[in-house]
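Report on the structure given below.
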Amino acid sequence: MSGLIARWRERLPVTDRTPIVTLGEGGTPLVRADRVAKAAGLPPGAIFLKLEGLNPTGSFKDRGMTLAISKALEDGAECVLCASTGNTSASAAAYAARAGLRCVVFLPKGKVAAGKLSQAVMHGAEIVEVDGNFDRALTMAVEAARLQGLTLVNSTNHFRIEGQKTGAFEILEQLGRAPDNHFIPVGNAGNITAYWKGYTEMGHRPRMFGWQAAGAAPLVHGKPIKDPKTIATAIRIGNPVSWKTAVAARDESNGLIGSVTDAEILAAYRFLAAKEGVFCEPSSAAAVAGLFKLAKTRKAPKGLTVCVLTGHGLKDPDIALRFKP
Ligand code: AN7
């Protein structure tokens, strides 16, 4: 059987009784990006990109969802529920469809990219459009899950984090060593939490560099943002669930959580597509935007750096056509 649970079984909370719901997620490419390295003033071979957009539904969310849905099925759930800026709902809808579970998704109205919305629709999720942002949608989803006794598959569900930590295991295997630095976009902060967990479980401590959009940077400002704004809708989040663990990952690794403007995000987004042949969604480009930002003041960290490109460019065709090179 393929998929990341089969691959990393002994490191994940599954038993012989767990029905495994998989679409063959994980095993994504790690590609060298010498043009990014050069533009950041670094030597060839310094930068690698982890292409998480090549997961079955086009984002890293599938790593956590294969486990969260498998465990929901094992526990006898009939319906799963999540709030989402788009990718979590696309992934939950697909894995729920495969498992034969009902799926309800709470989405911020008018703020979900077309590709992601079309996935939730096609996989048959029941869609609740929320008048308000992601943070409000999450509050509603948490409340609905509690009142109805349904399984929440947001990253508050620890199986999501457990599944996502396998991204770090793969990077260690693909490089044959640990990277010195790990760059990653940060929204609800589950993924930076998961990668740090994965690395440390394997005895490694790369410096963790998380990147938020300037208009949605609660971790940089040290307080929730009431009305987060950014063109990178996936990370338009004002009050991240995994706040404490993200800050811990930063501090324990001597890392950094910084912010990049929408203009910097779009510049990196175009650079990756036009110079590296890699089409990611705008939120994913935030990590590379952060690298370029540090490079401007010659502060790009030395050594080997992995940037996680969390979602595929096809997720958000409207932005691509509006801001093409
Ligand atoms: C492409 O789908 O929060 O810091 O509801 O879709 O773990 O939240 C998506 C987040 C980065 C941020 N890149 O990851 C959702 C959602 C992409 C994303 C993030 C998201 P976290």
Side-chain angles (χ1 to χ4, degrees), residues 36 39-42 47 49-50 52 59-60 85-87 108 111 113 133-135 138 155 179 181-196 206-272 280-301 305-311 313 315-316 319 323:
V36 172
L42 297 167
I47 304 294
L49 308 173
K50 180 75 169 156
E52 287 291 278
S59 87
F60 73 96
T85 57
N87 280 327
K111 298 292 183 188
N133 58 32
F134 167 83
D135 304 285
L138 182 59
S155 54
N181 315 294
H182 181 94
F183 276 54
I184 189 166
V186 173
N188 220 12
N191 215 22
I192 189 171
T193 298
Y195 270 94
W196 181 239
R207 292 181 73 192
M208 302 296 285
F209 291 77
W211 297 94
Q212 301 204 285
L219 295 173
V220 177
H221 296 296
K223 58 170 196 285
I225 304 294
K226 232 196 181 122
D227 185 17
K229 288 194 179 71
T230 170
I231 201 160
T233 52
I235 53 173
R236 189 172 164 270
I237 295 174
N239 192 11
V241 161
S242 300
W243 187 304
K244 284 192 183 134
T245 44
V247 168
R250 176 195 69 191
D251 295 346
E252 289 167 23
S253 72
N254 186 29
L256 167 82
I257 296 179
S259 67
V260 281
T261 63
D262 280 2
E264 288 168 328
I265 288 172
L266 288 170
Y269 170 68
R270 285 191 288 255
F271 187 100
L272 287 164
C280 66
E281 64 174 285
S283 303
S284 307
V288 173
L291 178 71
F292 288 161
K293 181 180 175 179
L294 293 180
K296 267 195 231 157
T297 50
R298 298 176 180 275
K299 285 189 184 138
T305 295
V306 169
C307 300
V308 183
L309 300 186
T310 46
K315 290 276 192 174
D316 200 343
I319 293 287
F323 295 97

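These numbers were taken from a predicted model, which means no experiment stands behind them. This chain uses plain numbering: 1 for the first residue, then up along the sequence.
- Between A287 and F183, the closest heavy-atom pair is O-CD2, 3.4 Å.
- Here E252 does not pair with R207 in a salt bridge; the nearest charged N to carboxylate O distance is not below 4.0 Å.
- Under the 3.5 Å distance criterion, with hydrogens and angles disregarded, a donor-acceptor pair is assigned to the side chains of K315 and N87.
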Would you be so kind as to tabulate the donor-acceptor pairs closer than 3.5 Å made by side chains of residues 214-229, with sequence neighbours excluded?
{"from": "D227", "atom 1": "OD2", "to": "K229", "atom 2": "NZ", "distance (Å)": "2.9"}

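- S284 is linked by a side-chain hydrogen bond (donor to acceptor under 3.5 Å, both in side chains) to T310, counting only residues two or more places apart in sequence or in another chain.
- A donor-acceptor pair under 3.5 Å is formed between the side chain of D135 and the backbone N or O of N239.
- The shortest distance between side-chain heavy atoms of L42 and I47 falls below 4.5 Å.
- Residues F323 and P282 form no side-chain contact, since every pair of their non-hydrogen atoms from C-beta on lies 4.5 Å or further apart.
- When each of V260, I231, T261 is tested with L266 by the rule side-chain contact (heavy atoms from CB on, under 4.5 Å), just one qualifies, namely I231.
- Between P240 and N188, some side-chain heavy-atom pair lies under the 4.5 Å cut-off.
- In this structure, T233 OG1 and K111 NZ are separated by 8.5 Å, a value rounded to the nearest 0.5 Å.
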(request) Take V288 and I265, measure what side chain to side chain contact (heavy atoms under 4.5 Å, CB included) needs, and give me the verdict at the end. (result) CA-CA 8 Å; V288 173; I265 288 172; over 6 Å; no
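- Counting only heavy atoms from C-beta outward, the side chains of T85 and I235 never approach each other to under 4.5 Å.
- The NZ atom of K296 lies 10.0 Å from the CG atom of L294; values are rounded to the nearest 0.5 Å.
- Between A189 and S242, the closest heavy-atom pair is O-CB, 3.3 Å.
- Using a 4.5 Å cut-off on side-chain heavy atoms (C-beta onward), I184 and W211 make no contact.
- Residues T305 and F209 are not in side-chain contact: their nearest non-hydrogen atoms beyond the backbone lie 4.5 Å or more apart.
- A heavy-atom distance below 4.5 Å is found between the side chains of F60 and N191.
- Here the closest non-hydrogen pair linking C280 and A285 is SG-N, 3.8 Å.
- S283 OG to I319 CD1: the interatomic distance, rounded to the nearest 0.5 Å, is 9.5 Å.
- Note that the CD atom of Q212 and the CD1 atom of I192 stand 9.0 Å from one another [nearest 0.5 Å].
- In this structure, T193 OG1 and M208 CE are separated by 8.5 Å, a value rounded to the nearest 0.5 Å.
- Contacts classified as salt bridge (Lys or Arg N to Asp or Glu O under 4.0 Å) and involving residues 233-245 (residues at least two apart or in different chains) are not found.
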(request) Could you give me the CA-CA distance, side-chain angles and deciding distance for K50 and L309, then say whether side chain to side chain contact (heavy atoms under 4.5 Å, CB included) is met? (result) CA-CA 6 Å; K50 180 75 169 156; L309 300 186; over 6 Å; no
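- The line from CG of N133 to CD1 of I237 is 9.5 Å long, rounded to the nearest 0.5 Å.
- Within the 4.5 Å cutoff, the side chain of V308 has heavy atoms near those of the E52 side chain.
- When all heavy atoms of W196 and P206 are compared, the closest pair comes out as CZ3-O, 3.4 Å.
- In this structure, H182 has its ring center under 6.0 Å from that of Y195.
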